[in-house]
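I have placed the structure first, in the form of structure tokens, so that the comments after it can refer back to it.
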Number of protein chains: 2
Amino acid sequence: MHRNPDPRGTRAHEETHGHPVDGDAVESRARSYAVSKGVPFTPMRQSVLALLAASGKPMSAYEIAEKVSDARKLKAVQVYRALEFLQEAGCVHRLASRSAYFACDHLHGEGETVVFMVCAQCGAVQEAASELVARGLRGAAKTTGFRPRHPMIEVEGECAECAGTPER
Amino acid sequence: MHRNPDPRGTRAHEETHGHPVDGDAVESRARSYAVSKGVPFTPMRQSVLALLAASGKPMSAYEIAEKVSDARKLKAVQVYRALEFLQEAGCVHRLASRSAYFACDHLHGEGETVVFMVCAQCGAVQEAASELVARGLRGAAKTTGFRPRHPMIEVEGECAECAGTPER
DNA sequence: ATTGTGTTGTTACAACATTACACCCAGGAT
DNA sequence: ATCCTGGGTGTAATGTTGTAACAACACAAT
């Protein structure tokens, strides 16, 4: 579980193309959710979401705790609490393959099957909903009588930019 | 070596239906791999694989360390080393959604897209290869220029048996 | 004012995974 | 026989990820 943040060392293009998500959009969705649940959208939640949105890449909870530090030093447990809220709100997803969290400005419909594509080089995540994948999963399940509830699809590979810049 | 201890008692279904894996088949595959790599198939590796095959369900490394104890008490790190070998050999897979490991007697072709279906109730894992899912993933990738390398698909749900026996 | 609900700060701990190093042991070369 | 070497093993220490538990606080509704 220890993802090496940069397993190859020396990358030429580094902080670059993990293109940020729309921070305002994602925050307003979080606010709506907060209202709908009758709970506050606190500064704590706001900071964590803002950091994730600005970064545009998955970060571990501990990484978030370090980087948020606008003066105060956050403890991991506080970050986890914020992340829990943000995941419920649908603004943040967890990447199980990396134990990392990232902001997402898409609004996923209920029961939609979403594919996370994670670049092995730069860490950026792209999402896509696929009805074809959903059908495939239903098919796979049917042959064994399995009742699918909660699919988790994470594909490691190379994003267009990293594939285009093969190496250096 | 040999079949499971087979703890089938009077119990309704408890430890039971995580049944799968052919221990002999999976061990012989591990042996072939060891030969091909010029490394030994040690008792350590054998015990870990045998335990996983007999259990037929995913177990954490620490759980394995506890249960293997045929006299000796294994440390987690030793289990991880065995698991590393067994995963390379393709006999064991890791479930990221549970940080757990399980034996698998299917021989997955290179580039095959395999779906792991994990029962939320009993923990049993079923596998299925799906060309439809594979096509869906390729499609999702194509729209963004992403180059998929290593998909990871885990679906949580209920297996046929647990769905049939609604509650505890 | 009191009560209730929810957030925060803090400590402690549980669960998962790796690094480092010394030792052993087999096989081949000297 | 001896040395060398490459893996495997045993052990300790540590790193990483995630929760539990509890006191203190904020704020709104009674």
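We name chains A, B, ... by the order of the sequence lines, and we start the count at 1 in each one.
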Is there side-chain contact between [X] and [Y], with at least one heavy-atom pair below 4.5 Å?
X	Y	answer
Val114(A)	Ile153(A)	no
Arg81(B)	Arg45(B)	no
Thr144(B)	Met117(A)	yes

Verify same cluster id: Phe116(A), Leu137(A) (apolar side-chain graph, 4.5 Å): no
Joint cluster assignment, Val115(B) & Leu132(A), ILVMFWY side-chain distance < 4.5 Å: no
Under 3.5 Å: donor-acceptor pair, side chain of Lys57(B), backbone of Cys122(B): yes
Test item: Arg29(A) side-chain N/O and His106(A) main-chain N/O as donor-acceptor pair under 3.5 Å: yes
Can you give me the N/O atom pairs linking the protein to nucleotides 23-28 of chain D at distances under 3.5 Å, or say none if there are none?
none

Output field: ring centroids Tyr101(B)/His93(B) closer than 6.0 Å: no
Rounded to the nearest angstrom, tell me the gap between atom [atom1] in [X] and atom [atom2] in [N].
X	N	atom1	atom2	result
Tyr33(B)	dG7(D)	OH	P	12 Å
Met59(B)	dC16(C)	CE	P	11 Å
Glu63(B)	dC16(C)	CD	P	8 Å
Tyr80(A)	dT16(D)	OH	P	12 Å

Pairs under 3.5 Å (N/O, protein and nucleotides 3-6 of chain D):
none

Worked verdict on Val39(B) versus Tyr33(B) for side-chain contact (heavy atoms from CB on, under 4.5 Å): CA-CA 9 Å; Val39(B) 301; Tyr33(B) 178 77; 5.8 Å; no
Phosphate contact (dA17(C) OP1 or OP2) by Tyr101(B) side-chain N/O below 4.0 Å: yes
Any Ser99(B) side-chain N or O less than 4.0 Å from OP1/OP2 of dC16(C): no
Between the protein and nucleotides 7-14 of chain C, are there any N/O to N/O pairs under 3.5 Å, and if so, what are the atom names and distances?
residue : atom : partner  : partner atom : Å
dT7(C)  : OP1  : Arg45(A) : NH1          : 3.2
dT7(C)  : OP1  : Arg45(A) : NH2          : 2.6
dT7(C)  : O5'  : Arg45(A) : NH2          : 3.4
dT8(C)  : OP1  : Thr42(A) : OG1          : 2.9
dG9(C)  : OP2  : Gln78(A) : NE2          : 2.5
dG9(C)  : N7   : Arg81(A) : NH2          : 2.5
dG9(C)  : O6   : Arg81(A) : NH1          : 3.1

side-chain contact (heavy atoms from CB on, under 4.5 Å) between Cys104(B) and Glu127(B), intermediate numbers included: CA-CA 9 Å; Cys104(B) 140; Glu127(B) 307 179 41; 3.1 Å; yes
Salt-bridge present (Glu131(B), Arg138(B); N to O < 4.0 Å): yes
